[in-house]
Amino acid sequence: MRKQIEVRQRLLAENERAAAELRDLFARNRMLVTNLISSPGSGKTTLLEATAAALGHDLRLGAVSGDIATERDADRLRRMGIPASQIITGGACHLDARLVTEHLANWDLAALDVLFIENVGNLVCPTSYDLGEDFKVALLSVTEGDDKPFKYPGIFARAAVTVITKIDLLPHVRFDMDAVRNQVRTLNPDTHILQLSCTTGEGVDSWCRLLLNLLDAKRDSMKEDRR
Amino acid sequence: MGMALTLYESCREEVAKHGPGRLEKVRVQIGELTGIEPELLKFAWQAVLEGGADAGCELSVDWRPAEQFCPACRSTKPRPDSSWIITCPDCESALQVQGGYELDLVEITFEPTAEGDKA
């Protein structure tokens with residue numbers, strides 16, 4: 001006899017459980033964790049290099065980079081003097097919470113203030129996988145075109161911060177900055193939108209300030225929780 | 001493809017709770033903002049099932065568009081042709097995006113294949 005059963009279960013329930021454990025782990029270590037998501041080549045690793053150069057003396061930074069293959073990104077970050085390691089997904093187009101948990105088992109998280117999780121270059125799949133981060137950062141370079149937020153609404157609606165990169169190239173490409181800001185605001189009225197160039201350094205200070213503020217805010221809220 | 005595999009594992013776990021059985025139909029709901037294309041998911045689903053005991057099991061997808069809600073009017077505004085509206089057509093307030101991240105296994109239908117069914 002045929003049977004029909006109602007299940008009503010989040011498909012990624014397993015990932016969500018693992019992400020909740022990671023979130024507790026990060027809170028116990030009083031660290032800020034961001035999940036950087038963008039298409040390949042929009043400048044995630046370059047932004048982290050610039051961040052390491054600007055904040056590396058004041059904050060203890062660390063990075064894990066997800067990639068389908070190769071150690072290149074982590075190599076670049078280690079050269080900047082921050083602990084970095086590569087999560088090779090072996091084909092998967094996104095990181096999941098279990099992979100990050102296994103990977104961080106060898107890390108001394110208490111020695112970090114901020115951990116950057118650089119996701120696999122992809123604007124779609126990483127959006128659905130919570131990694132226990134405090135917030136997601138969506139990056140969009142001006143060379144990718146000004147229609148991306150509405151084309152990939154999932155990530156822009158979820159990211160607390162949108163960073164528009166490579167603005168030094170604006171004179172050479174057709175990119176309507178106001179249109180992009182409007183699209184992002186439509187999807188996510190509360191998001192922070194930053195514009196920067198890691199080549200000229202313009203705007204990198206605002207990004208660094210935002211990180212410092214968010215780290216302070218997290219630590220302050222934890223103090224209040226304890227009272 | 002990964003999602004189809006996760007889905008299949010969840011379905012098998014559910015069936016296993018009720019004893020051995022062959023999957024016949026699976027219903028999921030997928031939100032617009034997950035970026036998952038229903039047709040691609042169905043294609044990947046058949047690829048996952050191919051050659052196994054559950055081959056041919058039908059996957060049906062309930063599509064859940066995101067909604068745009070106006071906090072001033074306290075109502076959801078229609079999105080013509082699934083486009084995004086920049087401000088409320090009635091009062092020009094900024095709109096909130098709601099829903100669209102659904103990614104749920106809703107229901108499965110299976111045929112028990114042995115005696116001693118526990119359910």
So what's closer than 4.5 Å to chain B heavy atoms on A:Ala157: side chain, backbone, both or neither? both

Can you tell me how far CG of A:Leu11 sits from CD1 of B:Ile30, rounded to the nearest 0.5 angstrom? 6.5 Å

Sequence-distant partners of B:Glu9, side-chain contact (heavy atoms from CB on, under 4.5 Å), two or more places apart: B:Leu5

Please lay out, stage by stage, how B:Gln29 and A:Arg8 fare under the test side chain to side chain contact (heavy atoms under 4.5 Å, CB included). CA-CA 10 Å; B:Gln29 71 176 350; A:Arg8 294 259 160 223; 4.2 Å; yes

Working to the nearest 0.5 angstrom, can you tell me the gap between B:Met3 CE and A:Cys93 SG? 8.5 Å

A:Gln4 side, atom CD; B:Arg27 side, atom CZ - distance, nearest 0.5 Å: 8.0 Å

Indicate yes or no for a side-chain donor-acceptor contact from B:Tyr101 to the backbone of A:Gly154 under 3.5 Å, with no hydrogens or angles considered. yes

Non-hydrogen atoms of A:Leu187 and B:Val97 that approach each other most closely: O-CG2, 3.4 Å

Could you go through A:Val7 and B:Glu107, starting from their C-alpha distance and side-chain angles, then the distance that decides it, and tell me whether this counts as side chain to side chain contact (heavy atoms under 4.5 Å, CB included)? CA-CA 5 Å; A:Val7 186; B:Glu107 193 178 79; 5.8 Å; no

Might you confirm whether atom CD of A:Glu14 has over 12 heavy atoms from other residues, nucleotides or ligands at distances under 6.0 Å? no

Hey, could you give me each pair passing ring-ring contact (aromatic ring centres under 6.0 Å, His included) that has a residue in residues 126-147 of chain A? Not counting sequence neighbours. A:His94-A:Tyr129

Set out, in order, the CA-CA distance, both residues' side-chain angles and the distance that settles side chain to side chain contact (heavy atoms under 4.5 Å, CB included) for B:Ile86 and A:Asn182, then state yes or no. CA-CA 7 Å; B:Ile86 307 288; A:Asn182 251 330; 4.1 Å; yes

Shorter than 4.5 Å, heavy atoms on both sides: which option in B:Val28, B:Asp104, B:Ile36, B:Thr87 has the most such pairs with chain A? B:Asp104

The test is side chain to side chain contact (heavy atoms under 4.5 Å, CB included); show your working for B:Leu33 and A:Thr127 and say whether it passes. CA-CA 9 Å; B:Leu33 296 179; A:Thr127 309; over 6 Å; no

For atom CD of B:Glu111, decide whether the heavy atoms of other residues, nucleotides or ligands shown that lie under 6.0 angstrom number more than 12. yes

What part of B:Gln68 gets within 4.5 angstrom of chain A, counting heavy atoms only: side chain, backbone, both, or neither? side chain

Tell me, side chain or backbone of A:Pro153 under 4.5 Å from chain B's heavy atoms, or both, or neither? both

So do the side chains of A:Gln9 and B:Glu14 get within less than 4.5 Å of each other, counting heavy atoms only? yes

Segment of B:Leu105 engaging chain A (4.5 angstrom heavy-atom cut-off): both

Quick check on A:Glu71: does its CD atom have over 12 non-hydrogen neighbours (other residues, nucleotides or ligands) under 6.0 Å away? yes

Given heavy-atom pairs under 4.5 angstrom as the criterion, report whether the side chain, backbone, both or neither of A:Arg158 touches chain B. both

Minimum-distance pair of heavy atoms, taken over all atoms of A:Met1 and B:Pro112: O-CD, 2.8 Å

